[in-house]
Amino acid sequence: MSAGTRKIDVIVTDVVPVNELVKRFHFQRTDGQLLPTFSGGAHVVVEMRDDDRTRLNPYSLMSSPLDTRDYTISVRRDDTGRGGSLFMHQRVNPGMRMVISSPVNLFSLDLRARKHLMIAGGIGITPFMAQTSQLAGDAGNFELHYTCRTETLATYADVLKGRYGRRIHLYRDDQGERLPLEQLLASQPLGTHLYICGPAGMIEWVRRTAAEAGWPDDTVHFEHFAAPQPGKPFDVTLAISGKQIRVSEQQSLLEAIEAAGIDPPYLCRGGVCGQCETKVISYDGNFLHNDHWLSEEEHQSGRKIMPCVSRFEGKSLVLER
Amino acid sequence: MGINFRKETFRDDFSFRNSPEQIRRFPFPFHEDSYMYAVNIEPHTPGPKNTVFEHLIDVDEHYISEMEDRALVLAEDPLRCQSLPHMTLAGWDLLELLMTQKAESYPEHFSLTRDGDNWHWINRPLGIDDRFTFGDVSTLPYGPMAYITRQSQGDFCVLDQRDGNLWMDAGIVTTQADWSLDFDIGMNFFEWHAPVPLAHDMGIFNRALKFLTNIQQGQPARRFNWTMTINPRLDTSPENYHKWGVDRTTVTPENVGQKVHLRVELQTFWRLPRSNALVFPIRCYLIKMDELVTSPKWARRFHRVLRDLPNELAEYKGLTRYRQTVVEWLSQYDDGAPTSSGFGPD
C-alpha cells in the first residue's frame with residue numbers, strides 16, 4: 001500500500017490571499033467530475049513536488065461538504081517551518097496541476113450531540129468552516145468561539161459572522177479580549193459536545209479545564225496535528241529493506257523513508273492516526289517523540305516511533321522497515 | 001441480458017433452489033482443507049465475471065424472493081429495522097451508495113436520475129418508480145436506510161465511529177445467523193462480539209477494530225464468515241428460534257442432501273462519506289449439500305473442514321447435533337484425493 005488513501009488529480013482553480021499570513025487554495029478535479037463527498041472535519045493530504053523532493057502535508061477541508069464541485073483549504077505561512085507552507089504560498093498558482101488524497105476524517109462531529117460547542121484558535125478555524133456548513137444545512141445546534149491575535153488575522157471571522165451571526169463569538173488578543181472558558185463550560189446544556197482545534201497549548205488548556213469541570217472524555221474532541229518539526233540530521237538503518245538513510249534537517253523521518261522507495265502506510269502525517277507506527281530494533285541515543293499516538297510508556301520503552309513527526313539524536317537507530 | 005429472477009420461498013414449503021449457474025458462482029469460503037479464525041480481510045474490488053464479486057453490490061436470481069421474505073419478517077417484527085436518531089445522515093449515505101452501485105452495475109434493472117437533490121429511482125424487478133428529495137425524510141415512505149434496504153439483499157449494520165470504537169447504532173437484520181439487532185443496538189464492537197469463542201484470546205478483535213476504524217472512502221474491504229442452516233431459512237434469528245431450532249433435530253442420512261445448507265456470509269465494509277459512519281452489508285448465500293457436491297473439489301474440501309473443525313467452533317456455530325451425520329454423508333464424496341488451492345469449484 002503506497003498510501004492510506006486513493007489519490008485524486010486536481011487543478012488549482014484559484015489562489016486567494018485572505019490576509020497577511022493566510023492564502024486560500026481552490027481545487028477541482030482535472031477530469032471535471034465532482035470530488036468525493038466528505039464529512040465536516042475531514043482533511044486531505046496535498047502532495048508538493050518541490051524539485052527533487054516531495055512533501056505531503058495534511059490540510060483540513062474548509063469548503064462546504066454539501067458542495068463538492070471544488071475543495072478549498074487555507075494555508076497559514078510558517079516562515080520557520082520545514083517549507084511546506086512556503087511552497088504553497090510561493091509556488092502554487094492557478095492552473096497548476098496537483099495531487100491530493102481522498103478525504104479522511106479524524107475530527108468527526110459526534111452526531112448524537114444536542115449541541116456542538118466549538119473552540120478555534122488561529123488557523124484552527126478551518127475544520128469548523130466545513131463542520132458549521134454541514135450542521136447549518138441540517139438545522140444543527142452549534143456555537144463557535146474563536147480566538148485570534150488581531151482583527152486582521154481573524155481569518156474568516158467576517159464570513160462566519162455573516163452566515164451565523166450571534167452564534168459566532170470572536171476574541172482578539174490585541175484588544176485584551178479573553179475567552180471566558182470556565183464560565184462557558186459551566187453554562188452548557190446537557191448533551192453538549194466540545195470540539196477544539198488550534199495551537200497545542202490551547203488544546204491542552206481547554207481539555208484540562210473541561211476535565212476539571214467534569215466533562216466526560218468522550219464529549220471532548222480535538223484536532224491535534226503536530227506539523228513535523230525540523231531538527232538535526234540523523235542516520236537510520238532500515239533492517240527489512242537493508243537500506244541506510246539520512247534524514248536531513250528539513251525532512252521528516254517518514255519522508256526520508258519514502259524517499260528511499262519504501263511506502264509505509266499513513267493517513268494523517270501528524271502523529272495522531274497511528275498508521276505509520278514503526279518498531280525500533282535497536283538504538284543508541286535519544287528519541288524526540290512528537291506524536292500523540294504512542295503512550296508515555298511506549299515513548300519511554302524505546303521500542304516504537306512514529307516517523308511522521310518524531311526524530312532521533314544519537315549514534316545509531318535501526319528500524320523494522 | 002438481465003437476471004432470471006426465481007420465484008421461491010425461504011419458509012413453509014422451502015422452494016428455494018440454486019440454478020446450475022448460481023451454483024458455479026457460489027462464494028465457497030474455504031481456500032484450504034481446514035478452517036480456523038483469521039482476520040481474513042481483503043480489499044473489496046470488482047472480481048471476475050460470473051462470480052459474486054463481479055459487482056461490488058451483488059444482485060442475483062434470488063433478489064425478488066429475498067425481498068418478499070424480508071417484507072414478511074418486518075411485518076411480523078418491526079424491530080428488525082432500527083436507526084437511532086443520530087444515524088439518519090448515515091442512512092442517506094447508504095441510500096446513495098446502494099442506488100448508485102445498483103444503477104451502474106445493473107442498468108437493465110435499476111436506474112437513478114439526479115438533478116441536485118431531486119432524485120428519481122426506478123427499481124424494475126420490484127416495480128418501484130419513486131421521485132424524492134435527497135435529505136428530506138418526508139419525501140420517502142420509510143426512513144432512507146429502511147427504504148433502500150427493503151430493496152437490497154443481505155443485512156446491513158450501520159456503525160457510528162467515535163471514541164476509537166464502532167457502535168451498532170442502526171441496521172436492518174432479517175437474514176441473520178442467530179443474532180439480534182434489537183439486542184445489540186447501541187453496543188460497541190467488543191460488546192457485540194463478546195459471545196465469540198477463542199478469537200478474543202487471539203487478539204483478533206483488537207486488530208480487526210484497528211483496521212476497520214481506518215477504512216477509507218472509496219476503499220471498501222471484505223471478509224467471509226460461514227455457518228450451516230437446516231432448511232433454506234433466511235431468518236434464523238433468536239426471536240424465531242422456536243421456529244427453526246427444532247429443525248436441527250430432523251437431519252437424517254437420507255435428507256442431508258436437500259435439508260442441510262452451507263450458509264456463507266459475505267461481509268463488506270464501507271466508509272460513508274457524509275456521516276463518517278461505516279456500513280457492513282452482510283450478504284447471506286445458501287447452498288444445499290446436493291448442490292455443493294456437484295463440485296467434487298468443494299465436496300472433498302468441505303468434508304475435511306467439517307470433520308476437523310474444533311469442537312468450540314462447532315458448538316458456537318450450532319452444528320453439534322447434526323455434524324456427524326453430515327460428515328458421514330459427505331465422506332462418500334471424499335476419495336482422499338488432493339484438492340487444488342483457491343476457492344473455485346475447479
Side-chain angles (χ1 to χ4, degrees), chain A residues 1 3-8 34-45 61 64-69 101-114 116 130-131 133-135 137-140 191 193 195 216-221 265-268 272-277 293, chain B residues 41-45 83-97 99-100 114 116-117 133-137 144 158-167 169-170 185-186 188 206-207 209-221 270-278:
Chain A
M1 180 160 48
T5 67
R6 287 197 308 188
K7 305 292 175 84
I8 307 170
L34 290 178
L35 287 153
T37 308
F38 66 97
S39 47
H43 71 268
V44 294
V45 173
L61 290 172
S64 169
L66 309 177
D67 179 1
T68 55
R69 278 171 302 182
S101 72
S102 278
V104 176
N105 200 340
L106 302 172
F107 187 49
S108 194
L109 291 168
D110 190 324
L111 296 173
R112 296 173 308 161
R114 297 289 185 268
H116 305 269
Q131 289 185 337
S133 291
Q134 177 177 339
L135 289 171
D138 204 26
H193 279 244
Y195 305 84
D217 277 351
D218 62 6
T219 62
V220 180
H221 315 271
Y266 68 81
L267 286 177
C268 75
V272 296
C273 77
Q275 285 288 297
C276 69
E277 181 180 301
W293 170 256
Chain B
I41 303 178
E42 60 180 352
H44 185 43
T45 49
S83 177
L84 298 182
H86 62 283
M87 298 302 281
T88 304
L89 185 63
W92 287 109
D93 277 331
L94 179 59
L95 175 141
E96 178 186 49
L97 172 71
M99 284 187 179
T100 53
R114 292 190 274 188
D117 290 337
T133 306
F134 186 85
D136 182 350
V137 177
V158 189
L159 311 179
D160 197 17
Q161 180 166 332
R162 53 176 199 268
D163 312 327
N165 212 326
L166 297 170
W167 304 79
D169 285 351
I185 191 107
N188 72 32
N206 280 312
R207 272 178 285 151
L209 178 64
K210 192 169 172 182
F211 178 87
L212 294 171
T213 52
N214 277 313
I215 287 204
Q216 296 307 312
Q217 245 170 276
Q219 294 185 294
W270 309 68
R271 175 72 57 198
L272 296 174
R274 293 170 187 78
S275 56
N276 204 37
L278 283 176

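Note that the structure is predicted; figures quoted are calculated from it, not measured. All chains are named by letter (A, B, ...) in the order of the sequence lines, taking the proteins before the strands, and each is independently numbered beginning at 1.
Between the side chain of A/Ser133 and the backbone N or O of A/Ser64 there is no donor-acceptor pair closer than 3.5 Å. For A/Gln134 (side chain) and A/Gly41 (main-chain N/O), no donor-acceptor pair under 3.5 Å exists by modelled atom type. A donor-acceptor distance shorter than 3.5 angstrom exists from the side chain of A/Tyr195 to the backbone of A/Asp110, with no hydrogens or angles considered.
Within the 4.5 Å cutoff, the side chain of B/His86 has heavy atoms near those of the B/Arg162 side chain. Using a 4.5 Å heavy-atom threshold, the side chains of A/Arg69 and A/Leu35 count as separate.
A salt bridge is absent between A/Asp218 and A/Arg112; no separation between the charged side-chain nitrogens and carboxylate oxygens falls under 4.0 Å.
Interface check for chain B: of the options A/Pro36, A/Gly274, A/Pro65, A/Ser39, the most heavy-atom pairs under 4.5 Å are formed by A/Ser39.
Looking at A/Asn105, both its backbone and its side chain come within 4.5 Å of chain B, counting heavy atoms on both sides.
Ring geometry for A/His221 against A/His193 counts as parallel: the plane angle stays under 30°, on a 0 to 90° scale with 60° as the upper cut.
Interface residues of residues 270-278 of chain B toward chain A, defined by a heavy-atom distance below 4.5 Å and sorted by number: B/Pro273, B/Arg274, B/Ser275, B/Asn276.
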